[in-house]
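Residue numbers run from 1 in the order of the sequence given. Treat the numbers as computed from the prediction; the structure is a model and nothing was measured.
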Amino acid sequence: MALQAGDTITFERTFTEKDVERFTKVSGDEGTHHMTPDEEGRLVVQGLLTATLPTKVGGDHNVLARTMNFEFLRPVFTSDTITCEVTIEKYEKQPDERTAIAASFSCHNQKGKEVLQGNFAGVIL
């Protein structure tokens, strides 16, 4: 799918305990809140694991990111379903034959509460 400025891409993911366990092994982020369930039996999902949601657009469209900015607004817990909306702000051919891309994003939990926002910029390889 070819992108253009103004496009919005939306997708969702439900985080599991297995996701948190795998990310803990890969990242070494072993904070107690990621390892010990709360009173409802949930783990806190690592912020950078949550941040993989907007990076999906990069993977889907072969983006080499140059900058990424994240603002973590609320914790995400296992069993939360997060909807991520990415808006393409810039999509322009460059003189070097690459395409510059810039986008903003907002992620909300199943209760409609915003949990993450930010932006990224880079080039299409």
Side-chain angles (χ1 to χ4, degrees):
M1 160 176 122
L3 295 174
Q4 59 184 349
D7 284 352
T8 299
I9 303 162
T10 303
F11 50 91
E12 67 179 31
R13 177 177 181 183
T14 301
F15 288 98
T16 66
E17 286 185 27
K18 190 87 165 162
D19 294 330
V20 172
E21 289 169 11
R22 287 179 179 154
F23 194 81
T24 297
K25 286 180 184 172
V26 169
S27 69
D29 185 350
E30 298 177 344
T32 304
H33 50 294
H34 304 309
M35 309 286 290
T36 306
D38 68 5
E39 62 281 348
E40 295 179 40
R42 308 170 303 170
L43 299 174
V44 174
V45 175
Q46 289 92 341
L48 288 179
L49 177 54
T50 305
T52 64
L53 288 169
T55 67
K56 179 183 183 317
V57 171
D60 288 349
H61 297 280
N62 212 23
V63 174
L64 176 62
R66 291 189 172 156
T67 63
M68 301 177 91
N69 298 296
F70 300 102
E71 184 177 0
F72 301 94
L73 303 169
R74 288 183 170 76
V76 172
F77 297 92
T78 51
S79 78
D80 280 355
T81 298
I82 307 301
T83 301
C84 184
E85 184 174 282
V86 179
T87 301
I88 307 302
E89 308 288 345
K90 174 182 176 182
Y91 194 85
E92 298 174 354
K93 288 285 188 194
Q94 302 297 295
D96 65 2
E97 300 301 315
R98 291 188 176 186
T99 300
I101 185 171
S104 59
F105 56 85
S106 178
C107 301
H108 294 80
N109 64 21
Q110 67 278 2
K111 296 177 181 176
K113 301 287 186 180
E114 189 174 33
V115 297
L116 174 65
Q117 67 180 8
N119 57 66
F120 65 86
V123 295
I124 305 291
L125 293 177

A.B. asks: Take R22 and V26 through the test side-chain contact (heavy atoms from CB on, under 4.5 Å) and record every step on the way to the result.
C.D. replies: CA-CA 6 Å; R22 287 179 179 154; V26 169; 5.6 Å; no

A.B. asks: Go through T99 and H61 one step at a time and tell me if the side-chain contact (heavy atoms from CB on, under 4.5 Å) criterion holds.
C.D. replies: CA-CA 11 Å; T99 300; H61 297 280; over 6 Å; no

A.B. asks: What is the distance from atom CD1 of I101 to atom CD1 of I124, rounded to the nearest 0.5 Å?
C.D. replies: 4.0 Å

A.B. asks: Where is the tightest heavy-atom contact between F105 and N69, given as atom of each residue plus distance?
C.D. replies: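 Nearest heavy atoms, F105 then N69: CZ-O, 3.5 Å.
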
A.B. asks: Are any side-chain N or O atoms of Q94 and backbone N or O atoms of E92, one a donor and one an acceptor, separated by less than 3.5 Å?
C.D. replies: yes

A.B. asks: Rounded to the nearest 0.5 Å, what separates atom CG in L64 from atom CG in L125?
C.D. replies: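 These two atoms lie 5.0 Å from each other.
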
A.B. asks: Is any side-chain heavy atom of F15 closer than 4.5 Å to one of V20?
C.D. replies: no

A.B. asks: Is there side-chain contact between I9 and D60, with at least one heavy-atom pair below 4.5 Å?
C.D. replies: no

A.B. asks: Roughly how far, to the nearest 0.5 Å, is the OG1 atom of T78 from the CD atom of E17?
C.D. replies: 5.0 Å

A.B. asks: If you take all heavy atoms of H34 and L43, which pair is closest and at what distance?
C.D. replies: O-CD1, 3.5 Å

A.B. asks: What closest approach, in Å, do P54 and L116 show between heavy atoms, and which atom pair accounts for it?
C.D. replies: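 Reported closest heavy-atom pair: CD-CD2, 4.4 Å.
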
A.B. asks: Apply the test side-chain contact (heavy atoms from CB on, under 4.5 Å) to residues F120 and V86: give CA-CA distance (whole Å), side-chain angles for both, the deciding distance (0.1 Å), then the verdict.
C.D. replies: CA-CA 10 Å; F120 65 86; V86 179; 4.1 Å; yes

A.B. asks: Are the side chains of T8 and E85 in contact, using a 4.5 Å heavy-atom criterion?
C.D. replies: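 Of all side-chain heavy-atom pairs linking T8 with E85, at least one is under 4.5 Å.
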
A.B. asks: Are M35 and V76 co-members of a hydrophobic cluster defined by side-chain heavy atoms under 4.5 Å apart?
C.D. replies: no

A.B. asks: Name every donor-acceptor pair, under 3.5 Å, that has one atom in a side chain of residues 46-53 and the other anywhere in the protein, sequence neighbours excluded.
C.D. replies:
residue : atom : partner : partner atom : Å
Q46     : NE2  : T24     : OG1          : 2.8
Q46     : NE2  : D29     : O            : 3.4
T50     : OG1  : Q46     : O            : 3.3
T52     : OG1  : L49     : O            : 2.6

A.B. asks: So which heavy atom on E114 is nearest to which on S106, and how close?
C.D. replies: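 Looking at all heavy atoms of both residues, the shortest contact is OE2-OG, 2.6 Å.
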
A.B. asks: Provide the closest heavy-atom pair for I82 versus C107 in the form atom of the first, atom of the second, distance.
C.D. replies: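 Smallest interatomic distance, heavy atoms only, reads CG2-CB, 3.7 Å.
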
A.B. asks: Excluding sequence neighbours, so at least two apart, what forms salt bridge (charged side-chain N to carboxylate O under 4.0 Å, His left out) with R42?
C.D. replies: D38, E40

A.B. asks: Is there a chain of hydrophobic side chains (I, L, V, M, F, W, Y, each step under 4.5 Å between heavy atoms) that links M68 to V45?
C.D. replies: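 Looking at the clustering, V45 is in the same group as M68.
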
A.B. asks: How far apart are the closest heavy atoms of V115 and P75, and which atoms are they?
C.D. replies: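 In this case the closest contact between V115 and P75 is CG1-O, 4.3 Å.
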
A.B. asks: Below 4.5 Å, heavy atoms only, C-beta onward: do T83 and T10 meet side chain to side chain?
C.D. replies: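 Yes, close enough: below the 4.5 Å cut-off.
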
A.B. asks: Could you tell me the separation between the CZ atom of R98 and the NZ atom of K93, rounded to the nearest 0.5 Å?
C.D. replies: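 With rounding to 0.5 Å, CZ (R98) is 11.5 Å from NZ (K93).
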
A.B. asks: Does any N or O in the side chain of H108 come within less than 3.5 Å of the main-chain N or O of K113, such that one atom is a donor and the other an acceptor?
C.D. replies: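 Checking the backbone N and O of K113 against the side chain of H108, no donor-acceptor pair under 3.5 Å is found.
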
A.B. asks: Establish, from distance only, whether the side-chain atoms of E89 and S104 form a donor-acceptor pair under 3.5 Å.
C.D. replies: yes

A.B. asks: Dump the intermediate steps for side-chain contact (heavy atoms from CB on, under 4.5 Å) on L73 and E71, then the final yes or no.
C.D. replies: CA-CA 6 Å; L73 303 169; E71 184 177 0; 3.5 Å; yes

A.B. asks: Going hydrophobic residue to hydrophobic residue with side-chain gaps under 4.5 angstrom, can you get from F72 over to F23?
C.D. replies: yes

